[in-house]
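Every heavy atom of this structure was used, including side-chain atoms; hydrogens, water molecules and symmetry mates were not. As the structure lists them, so they are numbered: ligands from 1, and atoms in each ligand from 1.
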Amino acid sequence: MNKTQIYFDNAATTKISDRVYEAILPYIKESYGNPSALYSLGREASAALRNARLLCSKALSCEQNEIFFTSGGTESDNWAIKAVAESMSGQGKKRIITTAFEHHAVLNTLKELAKKGFEIIYLPVYENGIVRIEDLEKAIIDTTALVTVMYVNNEIGTVQPVSEIGRLCRERNVIFHTDAVQAAPHIKIDVEKDNIDLLSISGHKLHAPKGAGLLYCRRGIELSSFIKGGKQERGLRAGTENIPAIVGLGEALTEISENREESNIKLAALSKKITCAAEKITGVHFNGDRTKRIPSILNFSFEDIEGESLVLQLDLKGIACSSGSACTSGNNEPSHALKSIGQSAELARGSLRISLSRYNTAGEAEYFAQVLTDIIKKLRAMRNS
Ligand SMILES: *Cc1c(COP(=O)(O)O)cnc(C)c1O
């Protein structure tokens, strides 16, 4: 069915881990009850839901009633931003501060709010792909309703100074949301220590099934209902819960907490191997800060290369990577994230994102390095002939 043997696109989605698979199987087959039902089959499902909420709250160091299950990262981002905008605009607060390289789930939500009269401030992320606290400090004024800055950028892998942002927002009495979809697989998140008020996570980016995510919302922050209907998720997000996916999310976050350090050490070694090989190629640019990054996402731009052709050639060799993010491929626009770090459209079009998971091996990294070198040579020769 597919001939991908090497999967290097884990920032787009991930495979389900064996442990998660085992955990969700009963809820796909025998234990299919509706958690709102009173009889035992329903109670089994509601117990599974409670347990998943407990596991998620432990992973994030928060309380269980601060976790709201959603359909994924996109919904969590939409909900967080729209709910805060709605409640704060009543107080005359209409400024929302963000970055130029957020995921489209955030950017397009903000675009809609801009049409409704909100003032959106896009902080620069500079060549290293990291926001500066002094810029945020200047941008926060009395009418600021919300700061939404992603924890880790999904295209270049840089880590934002979330702790400092949280501290500043707390001092200035501004609500802080972070899209932690790419951070959650690699960074220990502590919503208390980092003063995070709202946070988005997606299951399928961390070896759980597609179709479940969560929104953390600090107690005391007003959260309006997002989907109207029944009483699920304390009446704020109606609809029968996706129990197998939610169980998977709880299990996946737990598995990650138990293996994070070991997995990050392995990923750092793999990414070093790949970086060394890629940087031997002439006309290559390493995108984003070299140290303030998660170990799993690498992004390079190659001069005189069309990123799409590179992805297709790698596919012929059984390697799955992406050029730009999955959301931007399929159109020829260079990635907004690479533009935001000051890259020319020409160079941004020659970009390649390699995103690893704990399932990748040193052998795969070596094979990839060899294939990449050969393909770049071949594509450049074709271009010049
Ligand atoms: C994938 C991703 C999302 C969207 O998550 P879905 O669960 O696919 O809706 C949001 N933000 C970031 C940073 C992502 O990488």
Among protein heavy atoms, which lies nearest [atom], and at what distance?
atom                   : result
atom 9 (O) of ligand 1 : Thr74 OG1, 2.6 Å
atom 8 (O) of ligand 1 : His204 NE2, 2.8 Å
atom 2 (C) of ligand 1 : Lys205 NZ, 2.6 Å
atom 7 (O) of ligand 1 : Ser202 OG, 2.6 Å
atom 3 (C) of ligand 1 : His103 NE2, 3.5 Å

Is any side-chain N of the basic residue among Arg353 and Asp9 closer than 4.0 Å to the acidic one's carboxylate O? yes
In this structure, are over 12 heavy atoms from other groups packed under 6.0 Å from Lys58 atom NZ? no
Could you tell me whether [X] and ligand 1 have an N or O pair separated by under 3.5 Å?
X      : value
Ala11  : no
Glu75  : no
Asp179 : yes

Just which atoms of ligand 1 are under 4.0 Å from any heavy atom in Gly72? 7 (O)
Between [X] and [Y], is any pair of side-chain heavy atoms under 4.5 Å apart?
X      : Y      : result
Asn10  : Ser296 : no
Leu215 : Phe226 : no
Thr148 : Asp179 : no

For the residue pair Tyr27 and Tyr32, is the inter-centroid distance of their aromatic rings smaller than 6.0 Å? no
Distance check, rounded to the nearest 0.5 Å: Glu112 atom CD versus Asn78 atom CG? 8.0 Å
Under 4.0 Å from ligand 1, counting heavy atoms only, is it the side chain of Met150, its backbone, both or neither? side chain
